[in-house]
Amino acid sequence: MNLFADIRALVVTCLEQMVAENALPEGLSFSNVAVEPPRDASHGDMATNAAMVLAKPAKSNPRAIATLLAQKLKEDARIDAVEIAGPGFINLRLNASLWAGVVEAALRSEGFGRSSLGAGRKINVEFVSANPTGPIHVGHTRGAVFGDALSSLLEFSGYDVTREYYINDGGAQVDVLARSSYLRYLEAHGRQVEFPEGTYPGDYLVQVGENLKAKYGDSLIDKPESEWLAEIRVFATDAMMEMICKDLKSLGVEMDVYYSEKSLYGTGKIESALKELEDKGLIYEGVLEPPKGKKPEDWEPREQTLFKSTDHGDDVDRPVKKSDGSWTYFAPDIAYHYDKVQRGFDEIIDIFGADHGGYVKRMKAAVSALSDGAVPCDVKLVQLVRLFKNGEPFKMSKRAGTFVTLNDVVDQAGKDVTRFMMLTRKNDAPLDFDFAKVLEQSKDNPVFYVQYAHARICSVLRKASEQGVELIDTPQFDDEAEISLAKKLADFPRQVAIAAKAHEPHRIAFYLYELASELHSLWSKGKDNEALRFLQDDKDLTSAKIALPRATAVVISAGLGILGVEPAQEMR
RNA sequence: GGUUCCGUAGCUCAACUGGAUAGAGCAACUGACUUCUAAUCAGUAGGUUGAGGGUUCGAGUCCUUCCGGAAUCGCCA
């Protein structure tokens, strides 16, 4: 149930009648017609911009359209009053019984707020995709939470979602991992080792060294790299992926597919993807212009194999081969996305770190070219997380191997707090994460504020249960504060739809904060006005009164569910 | 220099993707605990939306020129 969608449907029906009666010309598009809560509650319950949006294409004036439309809307039983305001807004006041209907819907139907917006379309959400060379750190953590919540949001909205991790196990960085692991292996045999520039000194590889010793004994000692590199590479990446999966799991993230970059090499996959582009005339040998302005010192013109990404919206064409003939990183990525298209996904979402911003256009261009524009590809960039402790910035140094890992964060803040906090900012805005603040139990901390609202309701329900109150789905309320809360509940399906369309799960977090605020406000009003308390002397009255907070708990719980956060039953 | 993102109250951020008088929290000030947990609530105050120009019924949002910040820019992934 989505009250806003229902009323919008009513508006469109009325408009179609007007077309039939020649009050509006035929062939108008109603796609811009919106039904929204007005910014100022005194204007009514809902407002539509229909008259203003249609005035121009209909070659009419907004007031005239509004007057006719208002008359038609008035005839519907759900509408109590219609006003035309300002330049042509139509403000609607809805029959009060509708708000009770919202509460009932939330209590009765499984999954209030769910929709079939996605219509079962297959959508691939690729996220995290951290190099398998070490533990994942805070930056990836934000990407992980964002991608997982976005996936849940899309599932909730009727998409068939695949969560996917692209393992970068094909490049030079896994050779570095193998060499670093070999050093730890020697160390496990009691050798003194040093970690030269260009190796990973982090102690997370100590255990890998031990495990290598257990598996290979001393058989690899003093052997040339050619004899052990490939084997250790596999051994070490497997170990890293195992660790990464475990970390992700502690955050509540589970992937459906782990896709290996390595599996694209030597299997003809890259070649066939590029062949596909070549057949479309998008691959050529050429020389790139140097970057405008600041020219690199060692720039010299070079002929390379290029992808004509400019045909699909990129600024310059992109090389797919290095000068030594090997593939650039872009080539397997093209093949990977070609594979996604071939697996039949209707939509693709990539979630990258902000440092990959320059990569967005070429990736979209590749997908556009490979699918002939049939598969939309949205790339979401996740900005940095700035860590603080009591307002003091945290120092991170990757070179010294002392970066803050997902593990550190989850250990200190917990899964639920971490997830919620990571979603309290738009994905493309930097996020401040203060270890002290996120655990604070105050209104300043949105996680707590929302959880507290849920816990308060649970407390009421426990008391009601002790008193043997029967749970019924028909609410009873008439006060402004109660109606205001019910209206907020009615907005949930709409907010979910907006968030799903925009690929912005953080909207759910904001919504929950506002909903919690409504609940706390109503709660406090019960102090002065006993009629607003949920627990009444009369048991039947209590039954009817607690329907509203119960519905609120259902919605908070559903919203938190999308974010992957457990609702709190009580605060301690 | 090119590209992308960002700039909104003292601070941290919203603003339903072009809608009505730009909203919350923190900090400041005032008030409310014999209660369904005051871990909360109600109120006061705080603004030339970085600057200028343009598009139209209407701009924080779109186009443009500046200013300031971040990321990135052919053989790193």
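Letters A, B, ... mirror the listed sequences (proteins, then strands); counts begin at 1. Predicted model only: the values in this text are computed from it and were never measured.
Tested against A/Leu431 for a side chain to side chain contact (heavy atoms under 4.5 Å, CB included), the candidates A/Leu423, A/Leu384, A/Thr424 yield a single pass: A/Thr424.
The distance from atom CZ of A/Arg362 to atom C1' of B/C76 is 12 Å, rounded to the nearest whole Å. Separating the CG atom of A/Asp378 from the C1' atom of B/U17 is a distance of 14 Å, rounded to the nearest angstrom. Atom pair A/Asp314:CG and B/U4:C1' shows a separation of 12 Å (rounding to whole Å applied). Per the geometry, CZ belonging to A/Phe510 stands 15 Å off C1' belonging to B/U17, to the nearest Å. Between the C1' atom of B/U35 and the CH2 atom of A/Trp523 lies a distance of 9 Å, rounded to the nearest Å. Across the protein-nucleic acid pair, A/Arg386 atom CZ and B/U12 atom C1' stand 10 Å apart, rounded to whole Å. For the pair A/Asp528 CG and B/A32 C1', the computed distance is 8 Å after rounding to whole Å. Between the CZ atom of A/Arg39 and the P atom of B/G23 there is a distance of 7 Å, rounded to whole Å.
For A/Asp432 and A/Arg386, the salt-bridge test passes: some basic side-chain N is under 4.0 Å from an acidic carboxylate O. At a threshold of 4.0 Å, the pair A/Asp339-A/Lys269 counts as salt-bridged, since one of the basic side-chain nitrogens sits closer than that to a carboxylate oxygen. With respect to the salt-bridge test (charged N to carboxylate O, under 4.0 angstrom), the residues A/Lys525 and A/Glu482 do not qualify. Ion pairing between a basic and an acidic side chain is recognised when a charged N comes within 4.0 Å of a carboxylate O; A/Glu83 and A/Arg93 show such pairing.
Note on A/Gln304: a base of the nucleic acid sits closer than 4.0 angstrom, heavy atoms only. Across all strands, A/Pro319 comes closer than 4.0 Å only to sugar-phosphate atoms, never to a base (heavy-atom distances). When heavy atoms are screened at a 4.0 angstrom cut-off, A/Leu535 is found touching base atoms of the nucleic acid. Residue A/Gln495 is out of contact with every strand shown, counting any heavy-atom pair closer than 4.0 Å.
Pairing analysis of RNA chain B (Watson-Crick: purine N1 to pyrimidine N3 plus N6-O4 or O6-N4; G-U wobble: N1-O2 and O6-N3; both under 3.5 Å) yields stems of 3 or more pairs at B:1-7 with B:67-73, B:10-13 with B:23-26, B:28-32 with B:40-44, B:50-54 with B:62-66.
Set against B/U40, B/U17, B/A77, the side chain of A/Gln173 has B/A77 as its closest nucleotide.
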Kindly give the atom pairs (protein nitrogen or oxygen, nucleotide nitrogen or oxygen) under 3.5 Å for nucleotides 41-46 of chain B.
unit_1	atom_1	unit_2	atom_2	d
B/C41	OP1	A/Tyr449	OH	2.3
B/C41	OP2	A/Lys443	NZ	2.8
B/C41	O4'	A/Ser524	OG	2.9
B/A42	OP1	A/Ser521	OG	3.1

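Considering only residues two or more places apart in sequence or on other chains, A/Glu504 meets the salt bridge (Lys or Arg N to Asp or Glu O under 4.0 Å) condition with A/Arg507. Listed by chain and number, the residues in a side chain to side chain donor-acceptor pair (under 3.5 Å) with A/Gln173 amount to none (sequence neighbours excluded). Remark: A/Asp315 pairs with A/Lys361 by the salt bridge (Lys or Arg N to Asp or Glu O under 4.0 Å) rule, at least two apart or across chains. By the salt bridge (Lys or Arg N to Asp or Glu O under 4.0 Å) test, A/Arg318 is found to be paired with A/Asp314, residues two or more places apart in sequence or in another chain being considered.
By the 5.5 Å and 30° criteria, A/Phe89 is not stacked with the base of B/G19.
No hydrogens or angles were tested; on distance alone, nothing pairs the side chain of A/Asp169 with the base of B/A77 as donor and acceptor under 3.5 Å.
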